[in-house]
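Worksheet: one structure, shown below.
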Amino acid sequence: MEVVIAPADQLAVLAAEAIDRLLRAKPTSVIGLATGSSPLKVYDELVRRHTEEGLSFAQAKAFMLDEYVGIAEDHPERYRNVIEKEIVSRVDFAPDAVQGPDGNAEDLVAACADYERKIVDAGGVDLQILGIGTDGHIAFNEPGSSLASRTRIKTLTAQTREDNARFFGDDLAQVPQHCLTQGLATIMSAKHLVLLASGKGKAEAVHQLVEGPVSAMWPATVMQMHPHATVLVDDAAASRLQLGDYYRQTFLSKPEWQGL
């Protein structure tokens, strides 16, 4: 696992640069898209590179991490609509190139299995963008999730619903209780994981992710077992890291050509 500690405004640039390099080397790449606040600046930077530097998504595909169950198709917080607004409509993805789990399917179990097949049929995800919850969840894999889990139905914890209430006018009653989410094993199948975290509120989760034991109680810790995982954090999110100085030294001495 590579840990990069940098100013908050540089994290998105580093993540976007990794995606830029990937797409220019392999235009048919498959990108894993995340929602939440962490990736928004990444998408803004990718849009800038598309507009100003010719970065193209025309041959690429993308898969979303998760989706709420039972949310109206036109609801602004339906993750398919969020992704459409924040990145898909702003670059040149081909029609139907971006897929998400169907949280309104009549048979949710079958929809999860179908989504797994689609990812495999596309050749797997080349680079997956991730955020992390204050309780260590990635995607909607809440504490206690199986490290071998695949796309499935999950019940959201009270903490996650409270954290997400800000997207629903701070009305907890409006936050769905269930979701479809890629499982931890599904996420771990991606070739490169890039996780972003900023702010002191994420410090304990980042500490557990990087330096704690691998445990289902902190689902993100499964990333310690991935052969190519990059964790991008600002000083506040890194404040609990025992080896913070070492991570800073390692990144500063890294050859520029190597990339993330």
Answer whether the closest heavy-atom distance between the side chains of Leu260 and His192 falls below 4.5 Å. yes
Are the side chain of Ser89 and the backbone of Glu84 linked by a donor-acceptor contact shorter than 3.5 Å? yes
Should the pair Asp235-Arg248 be classified as a salt bridge under the 4.0 Å nitrogen-to-oxygen rule? yes
Does the His226 side chain pair with the main chain of Ile187, one donor and one acceptor, at a distance under 3.5 Å? no
Salt bridge present between Arg80 and Glu73 (N-O < 4.0 angstrom): no
Measure from the ring center of Phe168 to the ring center of Tyr68 and say whether it is less than 6.0 Å. yes
Within the distance-only criterion (no hydrogens, no angle test), does the side chain of Arg78 pair as donor or acceptor with the backbone N or O of Ala72 below 3.5 angstrom? no
Does Arg161 use its side chain to pair, donor to acceptor, with the backbone of Val175 at less than 3.5 Å? yes
Hey, does Asp102 have a side-chain heavy atom less than 4.5 Å from the side chain of Glu67? no
Using the rule that two of Ile, Leu, Val, Met, Phe, Trp, Tyr join whenever any of their side-chain heavy atoms come within less than 4.5 Å, decide whether Val233 and Val13 are in one cluster. no
As an exercise, state the distance from CG of Leu130 to CG of Leu209, rounded to the nearest 0.5 Å. 9.5 Å
d(Lys202 NZ, Asp234 CG) to nearest 0.5 Å is 10.0 Å
Is the shortest side-chain heavy-atom distance between Leu156 and Gln177 below 4.5 Å? no
Treating His50 as the side-chain partner and Leu55 as the backbone partner, does any N or O pair qualify as donor plus acceptor under 3.5 Å? yes
Leu108 CG to Asp114 CG distance, which is reported to the nearest 0.5 Å: 12.5 Å
Side-chain donor/acceptor of Gln99 to backbone N/O of Lys118, under 3.5 Å: no
About how many Å separate CZ of Phe140 and CG of Asp66, when rounded to the nearest 0.5 Å? 5.0 Å
Taking all non-hydrogen atoms of both residues, which atom of Pro143 and which atom of Asp135 are closest, and how far apart? CD-OD2, 3.5 Å
Of the non-hydrogen atoms in Ala18 and Leu127, which two are nearest, and what is the gap between them? CB-CD1, 4.0 Å
One pair to check against side chain to side chain contact (heavy atoms under 4.5 Å, CB included): Tyr115 and Met64. What are the steps and the verdict? CA-CA 10 Å; Tyr115 197 57; Met64 294 165 49; 4.1 Å; yes
Return yes if some donor-acceptor pair links the side-chain N/O of Arg90 with the main-chain N/O of Glu86 below 3.5 Å, else return no. yes
Nearest heavy atoms of Leu11 and Leu196, plus distance in Å: O-CD2, 3.8 Å
Do Val30 and Leu193 land in one hydrophobic cluster if side-chain heavy atoms of ILVMFWY residues count as linked below 4.5 Å? no
Using only atom types and a distance under 3.5 Å, with no angle test, would you say the side chain of Ser29 pairs donor to acceptor with the backbone of Lys26? yes
Pair Val82-Phe167, side chain to side chain contact (heavy atoms under 4.5 Å, CB included): steps then yes or no: CA-CA 11 Å; Val82 173; Phe167 299 116; over 6 Å; no
Is there a donor-acceptor pair closer than 3.5 Å between any side-chain N or O of Gln208 and the backbone N or O of Ala220? no
Counting neighbours of CG on Asp96 that are heavy atoms of other residues, nucleotides or ligands and sit closer than 6.0 Å, is the number greater than 12? no
Show, in sequence, the C-alpha distance, side-chain angles and deciding distance for Leu65 and Tyr79, and conclude whether the side chain to side chain contact (heavy atoms under 4.5 Å, CB included) test is met. CA-CA 9 Å; Leu65 276 175; Tyr79 282 166; over 6 Å; no
Side chains of Leu14 and Phe251 in contact at under 4.5 Å (non-hydrogen atoms): yes
Backbone of Thr250 reached by a side-chain donor or acceptor of Ser253 within 3.5 Å: yes
Under the criterion side chain to side chain contact (heavy atoms under 4.5 Å, CB included), which of Gln128, Arg150, Glu116 is the partner of Gln182? Gln128
I'd like to know if Ile83 and Val194 are part of one continuous hydrophobic network [Ile/Leu/Val/Met/Phe/Trp/Tyr, side-chain heavy atoms within less than 4.5 Å]. yes
Do Val231 and Tyr247 have side chains that get closer than 4.5 Å, going by heavy atoms? no
Derivation and outcome, side chain to side chain contact (heavy atoms under 4.5 Å, CB included), residues His228 and Glu2: CA-CA 8 Å; His228 190 188; Glu2 179 181 21; 5.8 Å; no
Is the closest side-chain donor-acceptor distance between Ser145 and Arg152 under 3.5 Å? yes
Hey, are the side chains of Val47 and Val91 touching, using non-hydrogen atoms and a 4.5 Å cut-off? yes
For Asn81 and Glu77, does a side-chain donor sit closer than 3.5 Å to a side-chain acceptor? no
Enter the distance from Asp9:CG to Glu45:CD here, rounded to the nearest 0.5 Å. 11.0 Å
Linked, directly or transitively: Tyr43 and Val88 (ILVMFWY side chains, under 4.5 Å): yes
Spatial distance of atom OG (Ser38) from atom CD1 (Ile132) [nearest 0.5 Å]: 9.0 Å
Sidechain N-carboxylate O distance under 4.0 Å for Lys41, Asp44: no
Give me the atom names and distance for the closest heavy-atom approach of Glu142 to His137. OE1-ND1, 3.5 Å
Neighbour count >12 (heavy atoms, 6.0 Å) for atom NZ, Lys154: yes
Shortest non-hydrogen contact from Leu147 to Val222? CD2-CB, 4.1 Å
Val210 and Leu232: same hydrophobic cluster, using ILVMFWY side-chain contacts below 4.5 Å? no
Tell me the closest heavy-atom pair linking Cys112 and Leu180, and the distance in Å. SG-CD2, 3.7 Å
Do Thr151 and Arg117 come within less than 4.5 Å of each other through their side chains, counting heavy atoms only? no
Does any part of the side chain of Trp218, heavy atoms only, come nearer than 4.5 Å to the side chain of Glu204, both counted from C-beta? yes
Within a reach of under 6.0 Å around CD of Glu106, are more than 12 heavy atoms found that belong to other residues, nucleotides or ligands? no
